[in-house]
Amino acid sequence: MTGACLENADRKEEVSTLNDAPIGIFDSGLGGLTVMKAVMRRLPRESIIYFGDSARGPYGPRDIAEIRGFAVEIARFLEDMGVKIVVVACNSATSAGLLEAQRACRVPVLGVVEPGARGAVQATLNRRIAVIGTRATVRSRSYPRAIRLLDAGARVFSRACPTLVDFVERGEVEGARVEAEVRRYLAPLLGQGVDTIVLGCTHYPLLRGVIAGVAGEGIRLISSDEEVAREVEENLVRRGFLRDHGEPPAHRFLFTGDVDRAKELGRVFLGPEVVEVEKVGLPLRGVRG
Ligand code: DGL
């Protein structure tokens with residue numbers, strides 16, 4: 001075989017293996033399931049490996065450099081498991097370490113901040129945008145930066161809402177307590193006359209009902225899940241890596257923390273697809289140093 005033929009044969013083999021390879025999605029816990037749900041809706045034939053780092057989550061209160069280390073470690077771990085693309089379904093990890101994870105992996109790595117920023121700029125009418133997220137995300141200033149790259153004149157008002165992730169991880173996504181907390185966080189932002197709120201944490205779409213109720217009519221809520229799912233599709237189509245046979249997809253759920261709890265809440269937040277949750281020990285093994 002000539003060099004060119006050999007290259008073509010290699011490429012063919014790579015394509016057929018990668019067509020069937022799963023998509024890797026990770027978060028500090030359950031929040032990334034909101035992104036997984038959107039990917040499943042858009043790409044129902046694709047198999048997904050979901051990784052929830054619940055033993056080390058929440059990431060929000062942690063140091064940016066530490067979160068960056070987790071992001072690189074998990075992205076590589078998923079790549080070593082054979083995924084064809086990695087989705088960092090966590091704003092804190094995207095803000096802290098998307099670029100480093102992209103540099104560390106051979107497969108493409110997508111984040112959630114840029115899609116959310118784009119959605120907000122497209123939605124706002126008065127160019128006054130609120131961003132709510134974890135402390136790490138707000139501290140990193142990743143959203144104001146991403147928004148101003150698209151509209152340098154947009155006004156961005158950010159607020160860290162550190163307790164909201166804990167409500168979600170407890171499964172408390174409605175009721176008076178969480179509503180009072182959301183009201184307390186949103187009051188100063190609404191006072192700034194924003195017309196758009198970015199849910200800058202993948203846990204927050206699970207509180208969408210409460211947040212929408214407090215924000216009131218006329219305020220647009222933007223989350224990046226649908227936009228990220230569209231980017232995943234576009235990427236796989238462009239590379240010719242969509243899964244193309246009729247067998248039902250096989251999803252796997254890996255968690256570093258309590259698997260029974262992850263299974264119970266995973267079924268509530270995602271659905272019956274969460275049949276089994278596998279425990280992954282830390283530090284992650286098989287990750288290239
Ligand atoms: N769901 C995550 C995010 O989008 C992380 C929340 C946390 O672990 O603090 O930021």
Side-chain angles (χ1 to χ4, degrees), residues 24-39 50-75 86-98 101 109-117 119-120 130-146 158-173 178 181-182 185 197-208 211 221-229 231 253-258 261-262 265-266 269-270 282:
I25 299 181
F26 76 88
D27 178 44
S28 63
L30 295 159
L33 291 175
T34 59
V35 175
M36 176 164 176
K37 203 172 199 162
V39 173
Y50 183 87
F51 185 106
D53 193 8
S54 44
R56 297 185 294 197
Y59 284 175
R62 288 182 183 270
D63 183 64
I64 300 267
E66 188 179 30
I67 305 171
R68 181 176 303 135
F70 296 160
V72 171
E73 182 189 24
I74 300 168
V86 174
V87 180
V88 185
C90 171
N91 290 266
S92 313
T94 299
S95 303
L98 177 67
V109 182
L110 305 184
V112 284
V113 170
E114 205 257 340
V131 176
I132 54 173
T134 65
R135 280 208 176 100
T137 298
V138 169
R139 224 183 312 127
S140 76
R141 306 202 50 75
S142 58
Y143 269 102
R145 244 193 334 267
S158 306
R159 176 117 208 232
C161 308
T163 58
L164 296 189
V165 167
D166 301 330
F167 276 100
V168 172
E169 290 286 329
R170 277 202 302 272
E172 192 175 338
V173 293
V178 64
E181 200 70 338
V182 167
Y185 286 133
I197 300 176
V198 179
L199 307 184
C201 171
T202 52
H203 282 69
Y204 298 172
L206 294 161
L207 300 171
R208 186 179 271 271
I211 296 172
L221 301 186
I222 304 296
S223 59
S224 36
D225 43 5
E226 297 296 338
E227 192 64 17
V228 172
E231 276 190 18
F253 298 88
L254 314 179
F255 277 77
T256 55
D258 184 340
R261 185 121 193 86
L265 285 173
F269 293 155
L270 187 80
L282 290 168

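In listed order, ligands and their atoms are each counted from 1.
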Please could you name the atoms of ligand 1 that Ser28 approaches to less than 4.0 Å, counting only its heavy atoms? 5 (C), 6 (C), 7 (C), 8 (O)

Keeping Ser92 on the side-chain end and Ala136 on the backbone end, is there a donor-acceptor pair under 3.5 Å? no

Derivation and outcome, side chain to side chain contact (heavy atoms under 4.5 Å, CB included), residues Val178 and Val173: CA-CA 7 Å; Val178 64; Val173 293; over 6 Å; no

At a 4.0 Å threshold, what atoms of ligand 1 neighbour a non-hydrogen atom of Ser92? 3 (C), 5 (C), 10 (O)

More than 12 heavy atoms of other groups within 6.0 Å of Arg170 CZ: yes

Using a strict 4.0 Å cut-off to heavy atoms of Cys90, name the atoms of ligand 1 that fall inside it. 2 (C), 3 (C), 4 (O), 5 (C), 10 (O)

Please report which non-hydrogen protein atom sits nearest to atom 7 (C) of ligand 1, along with the residue it belongs to and the distance in Å to one decimal place. Tyr59 N, 3.3 Å

Looking at atom 1 (N) of ligand 1, what's its closest protein heavy atom, distance included? His203 ND1, 2.7 Å

Look at atom 3 (C) of ligand 1 and say which protein heavy atom is nearest, naming residue and atom and giving the distance to 0.1 Å. Asn91 N, 3.2 Å

Quick one, Pro61 and Pro162 - any side-chain contact, counting heavy atoms below 4.5 Å? no

Angle between ring planes, Phe51 versus Phe26, binned at 30° and 60°: parallel, tilted or perpendicular? perpendicular

Please answer whether the main-chain N or O of Leu30 pairs with a side-chain N or O of Glu169 as donor and acceptor at a distance below 3.5 Å. yes

Taking side chain as C-beta onward, heavy atoms only, is Pro115 less than 4.5 Å from Glu231? yes

Is there any N or O on Gly60 that sits under 3.5 Å from an N or O of ligand 1? yes

Going by the 4.0 angstrom heavy-atom rule, the piece of Asp27 near ligand 1 is side chain

Should you measure from each heavy atom of Cys201, which atoms of ligand 1 turn up under 4.0 Å away? 1 (N), 2 (C), 3 (C), 4 (O), 6 (C), 10 (O)

